[in-house]
2 protein chains.
Amino acid sequence: MYEDWAEQFRVLGDATRLRILMLLGIRDACVCELAAVLPVSQPAVSQHLRRLKQAGLVVEYRQKSWMFYRLRPDLPEHVRRWLADMPVDPGDAAWLRTHHAEAACGLASASDPVRPTN
Amino acid sequence: MYEDWAEQFRVLGDATRLRILMLLGIRDACVCELAAVLPVSQPAVSQHLRRLKQAGLVVEYRQKSWMFYRLRPDLPEHVRRWLADMPVDPGDAAWLRTHHAEAACGLASASDPVRPTN
DNA sequence: TCAAGTCATAAGTATATGCTAATATGCTAA
DNA sequence: TTAGCATATTAGCATATACTTATGACTTGA
């Protein structure tokens with residue numbers, strides 16, 4: 001009866017996944033950006049993102065060769081509140097600010113990323 | 001940085017622990033009551049309660065030979081909201097209603113359980 | 001003091017988890 | 001089509017977790 005709820009909590013029960021969620025709370029990011037910031041390998045990032053996606057916490061969209069991830073727009077209110085209460089790592093925020101997606105991923109700054117409709 | 005938060009989520013990331021929390025949301029209960037309701041052994045219940053206690057989610061108090069556990073009165077608002085949003089297992093609620101602590105644990109019904117001051 | 005009941009702890013086991021390295025897949029641009 | 005990059009998947013490993021049984025510690029009442 002509580003297994004689905006427990007699974008939701010387990011998804012949030014990893015520091016790396018929480019950090020990914022907070023990073024995506026600053027702005028959308030592609031896998032290579034996350035892998036550059038986080039102290040784990042790219043496959044590890046991919047695996048975390050897969051789990052977050054399966055849990056319905058993030059969505060993905062392709063931008064040229066890059067898979068961008070973003071927080072799901074209609075996150076459950078519980079999750080929104082939790083994330084709002086957690087502090088953003090200043091270093092993470094600075095990194096995402098100084099390394100714009102255009103530069104980091106070679107996107108032309110003129111073209112705004114095409115976001116999924118939902 | 002997020003390890004403490006992740007740990008909080010991991011504590012909630014187990015169906016048995018969630019069920020214990022929901023049971024204690026109905027009324028305080030002793031270990032043997034919880035072990036009677038749950039499909040796990042008494043040591044398993046004790047181990048879960050220890051973890052819940054370390055996480056600051058429950059407190060314990062002795063009543064004769066029984067160790068009663070209750071939700072910590074000043075639970076973080078996050079947790080309160082999560083618990084409020086989760087459904088109570090009807091079977092669990094019925095069990096705690098029909099098996100009063102007095103009968104289940106041999107307490108005289110005249111004496112209200114002495115609760116801790118906090 | 002002692003027997004019975006209650007709970008906690010210890011030891012052992014099976015499964016889940018998070019990571020890495022290696023490899024496969026897929027997209028883009030020439 | 002093909003080269004090169006970005007991402008996903010696989011296999012393997014170390015650790016964490018949840019459970020059991022066995023046992024120890026504590027409380028109560030006779």
Side-chain angles (χ1 to χ4, degrees), chain A residues 2-3 6-20 28-55 58-70 99 101-108 111 113-114, chain B residues 2-3 6-20 28-55 58-70 99 101-108 111 113-114:
Chain A
Y2 297 109
E3 194 45 56
E7 171 57 22
Q8 285 284 114
F9 284 116
R10 274 196 298 274
V11 171
L12 298 175
D14 178 85
T16 301
R17 277 195 293 275
L18 287 181
R19 196 167 163 194
I20 288 176
D28 301 1
C30 62
V31 180
C32 61
E33 288 179 301
L34 297 174
V37 181
L38 300 169
V40 297
S41 66
Q42 171 267 316
V45 173
S46 274
Q47 289 159 12
H48 283 307
L49 288 169
R50 178 172 54 183
R51 184 134 186 213
L52 291 170
K53 185 175 61 176
Q54 286 173 343
V58 304
V59 293
E60 61 186 359
Y61 60 97
R62 178 172 291 279
Q63 184 74 5
K64 301 200 175 178
S65 340
W66 301 277
M67 291 299 301
F68 276 78
Y69 285 79
R70 66 186 306 204
H99 297 70
E102 296 78 25
C105 296
L107 294 178
S111 68
V114 176
Chain B
Y2 297 110
E3 194 45 57
E7 171 57 23
Q8 284 285 114
F9 284 118
R10 275 196 297 272
V11 171
L12 298 174
D14 178 86
T16 301
R17 276 196 294 276
L18 286 182
R19 195 167 164 193
I20 289 176
D28 299 1
C30 63
V31 179
C32 62
E33 288 179 300
L34 296 174
V37 182
L38 300 170
V40 297
S41 67
Q42 171 267 316
V45 173
S46 274
Q47 288 158 12
H48 283 306
L49 288 169
R50 178 173 51 182
R51 185 136 185 209
L52 290 170
K53 187 175 58 176
Q54 287 173 341
V58 304
V59 294
E60 61 184 359
Y61 59 97
R62 176 171 292 279
Q63 185 73 6
K64 300 199 176 179
S65 341
W66 302 278
M67 290 300 298
F68 276 77
Y69 284 80
R70 65 185 308 206
H99 297 71
E102 297 78 25
C105 296
L107 293 178
S111 69
V114 175

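Naming: A, B, ... by sequence-line order, numbering from 1 per chain.
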Here the distance between atom P of dT7(D) and atom CD of Q63(A), to the nearest Å, is 12 Å
Measure across A35(B) and V45(B) and return the closest heavy-atom pair with its distance rounded to 0.1 Å.
-> CA-CG2, 3.8 Å
Return the polar atom pairs (N/O with N/O) between nucleotides 1-4 of chain D and the protein under 3.5 Å, or none.
none

Identify, with sequence neighbours excluded, every residue that meets side-chain contact (heavy atoms from CB on, under 4.5 Å) alongside R51(B).
-> E7(B), R10(B), V11(B), R17(B)
Going by the side chain to side chain contact (heavy atoms under 4.5 Å, CB included) test, name the single residue among V40(B), D14(B), L38(B) that passes it with R19(B).
-> L38(B)
Could you check how far CZ of R62(B) sits from P of dT28(D), rounded to whole Å?
-> 6 Å
Spacing between E3(A) atom CD and dT17(D) atom C1', to the nearest angstrom | 13 Å
By side-chain contact (heavy atoms from CB on, under 4.5 Å), which residues pair with Q47(B), not counting sequence neighbours?
-> P43(B), R50(B)
Length of the CD-C1' vector between E60(A) and dA8(D), whole Å | 10 Å
Is there a side-chain polar atom (N or O) of R50(A) under 4.0 Å from OP1 or OP2 of dT9(D)?
-> yes
Between A15(B) and A6(A) the two heavy atoms that sit nearest each other are N-CB, 3.5 Å
Think Y69(A) has a side-chain N or O under 4.0 angstrom from the OP1 or OP2 of dA8(D)?
-> yes
Write down the distance between CE (M67(B)) and C1' (dC26(D)), rounded to a whole number of angstrom.
-> 11 Å
Looking at Y69(A), F68(A), W66(A), which hits side chain to side chain contact (heavy atoms under 4.5 Å, CB included) with Y61(A)?
-> F68(A)
Closest to side chain of W66(B), choosing from dT6(C), dA8(D), dT28(D) = dT6(C)
Dot-bracket notation for DNA chain C, counting Watson-Crick and G-U pairs under 3.5 Å, with | for partners on another strand | ||||||||||||||||||||||||||||||
In B/S/- notation (B base, S sugar-phosphate only, - none; protein heavy atoms under 4.0 Å), nucleotides 17-24 of chain C written 5' to 3' is SSBBBB--
From L52(A) atom CG to E60(A) atom CD, the distance as rounded to the nearest 0.5 Å = 11.5 Å
To the nearest angstrom, the NZ-P distance between K53(B) and dC7(C) comes to 13 Å
Got a sec, which residues hit ring-ring contact (aromatic ring centres under 6.0 Å, His included) with Y2(A), two or more places apart in sequence or on another chain?
-> none
L34(A) atom CG is separated from dA8(D) atom P, nearest whole Å, by 10 Å
E33(A) and D28(A) have their tightest heavy-atom pair at OE1-O, 4.4 Å
Nearest 0.5 Å, what's the CG-OG1 distance between L34(B) and T16(B)?
-> 11.0 Å
Roughly how far, to the nearest 0.5 Å, is the CZ atom of F9(B) from the CG atom of L18(A)?
-> 6.0 Å
